[in-house]
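Quick caveat: nothing in here was measured; it's all calculated off a predicted structure. The figures that follow rest on heavy atoms only: side chains count, while hydrogens, waters and symmetry mates do not.
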Amino acid sequence: MKKLALFLTAFALVFGLAACADRGDERQYGDDCEEPDGETPCWSNELQDFIWEDGAEITIGVDSDSMGAALVEQWDRDFPEMEGQLTFTNYGSQNTETSGMQGLELAQDEAPDLALVIDNELIGREGAVLPLHEYFIDIGEENTHPDAFEQVNILDYFLLPAFYDGMVFSWNRTMLEEWDVDLTDSNGDNLPDAFDSWEKIFAMADEYGVAVDDRPEFRDEPILEFFPVSLDEPWSAYSSLTADGWQLFGGGNFDDPEFADESFLAGLEFIEAFSQTNMSIDETGSIRAADAMAWRWDDYLEGDYPFSLVGTWMDVEGAMEDNDLEFEFSVMPTYNDTQLRPLMKTKGFVINGYTPYPSAASHVLKWLYTNETMGTMINNSAYLPALQEDSDFFPEMDAEFKQDFAVAMQHNQFEVAATLPENPSVRAMDVYYNIDLNEVLKDLWDGNITPEDAQADIVEAADYWIENNNTLD
């Protein structure tokens, strides 16, 4: 019955819960709560905090052992009178039967009281989590990534964004210095002038032949690829399709992905142009076939390419130390003066709707969104803060590269969290992942079809998918 009440509350408050105005350091929220009822968070205006339920012990679900251990250590230091009352479990943030939002939904009170989840995986599972207290609505509006906070919290405010989940452009300073590439950066965007456009990168690659003996070397190994573009999975392929500014659902109509736009055709033409360069060859000296253009981004951290996309989950710091390499991070190069944009999501914290300690869980969530605790999480994981630059909680980052990484991430395209207009049980973004886009892109790469053919195939597949999914019948 408790979950049914929570779910009905969420529906009743669709777009109806207005965030409170900024009240400075002290925040007042109606009548003081003096004693937790085990059903809702208990905020004390006098204490400016949530009251801890008697006997409460809170487990926080994260996906990093180092971050979880650091959080517990800081908790015991910050609250010695409550030492041992916060524990962590490496729960995993992605949806499975035992992790993420799906895990919360299935495990109920056996799942962590507080969990880190992927933002858009909340959609359709709001009934498994507790609506956030007004305090967190203030905090979210004032400090977190605005697209993530507003677009994901559709029925009510359930999730507080914390970390970026995506990829940005990176270049191998160690390799490029060895090749005597001029690294002058005249506009200060950490993307040197020598390769701030794809035209320049294509020209750099085409200086070398396709024979293995003609390729540039790094540490006595030939460099076969300059940028390991992936065609076999659409998520990291997205940036290539933005070469003329195309944006999925750019017009805001979530039954029109805009695959028919001229800008989308131009993105397909970019992929064709890429395939006709010496950017990617195989060990035989042939241009790599599309079937070989799978996920290879991780090899960049081993020194295999001068340029790549790097994910927020990758152990960049460890790779630099282990492989004696220095990586830099920036916005993506332009093509025809248009900057490419990868997709990104966020991960954020939710309170398990089945927790017997909603007030204590809220107390822990409030503690997470402080400058010191955010710094503990960032500096003990690969994560980057999905916070506004002027956020009160934006932490000092121990690793220098993380600052450039975080700045570059702000230029990415937020992955749409909205549902189809006529079918709120289906995410609009699913059209991108469910039309075999990768197969069309591979045919384009191999020269089997033209960009116009590819666009026609994609438009037809998308129209068919939307027609069959944008309905409750």
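Screening Phe79, Tyr369, Phe50 against His363 for a ring-ring contact (aromatic ring centres under 6.0 Å, His included) leaves a single residue, Phe79. Residue Tyr300 is tested with Phe307, Trp295, Phe327 for a ring-ring contact (aromatic ring centres under 6.0 Å, His included); the sole match is Phe327. Among the candidates Met320, Glu328, Glu326, the single residue satisfying the side chain to side chain contact (heavy atoms under 4.5 Å, CB included) test with Thr174 is Glu326.
The side-chain tip of Lys347 does not point at the ring of Trp313 from less than 6.0 angstrom away and within 45° of straight on.
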Q.
As a quick check of understanding, evaluate side-chain hydrogen bond (donor to acceptor under 3.5 Å, both in side chains) for Thr346 and Asp165, giving each step before the final call.
A. CA-CA 5 Å; Thr346 66; Asp165 185 23; over 6 Å; no
Q. What's the verdict on side-chain hydrogen bond (donor to acceptor under 3.5 Å, both in side chains) for Thr373 and Gln74, showing C-alpha distance, side-chain angles and the deciding distance?
A. CA-CA 8 Å; Thr373 312; Gln74 183 184 326; 2.9 Å; yes
Q: Step by step, work out the side-chain hydrogen bond (donor to acceptor under 3.5 Å, both in side chains) result for Ser280 and Glu225.
A: CA-CA 4 Å; Ser280 297; Glu225 296 191 81; 3.1 Å; yes
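In terms of modelled atom types and a separation under 3.5 Å, the side chain of Asn153 and the main chain of Phe158 share a donor-acceptor contact.
With salt bridges taken as basic N to acidic carboxylate O contacts below 4.0 Å, one links Glu142 and Arg27. With salt bridges taken as basic N to acidic carboxylate O contacts below 4.0 Å, one links Glu415 and Arg427. Using a cut-off of 4.0 Å between Lys/Arg side-chain N and Asp/Glu carboxylate O, Lys442 and Asp446 are scored as not salt-bridged.
Here the two rings, on Phe226 and Phe202, have centers that are 6.0 Å apart or farther.
Relative ring orientation between Trp198 and Phe274 is described as tilted, the plane-to-plane angle lying within the 30° to 60° band.
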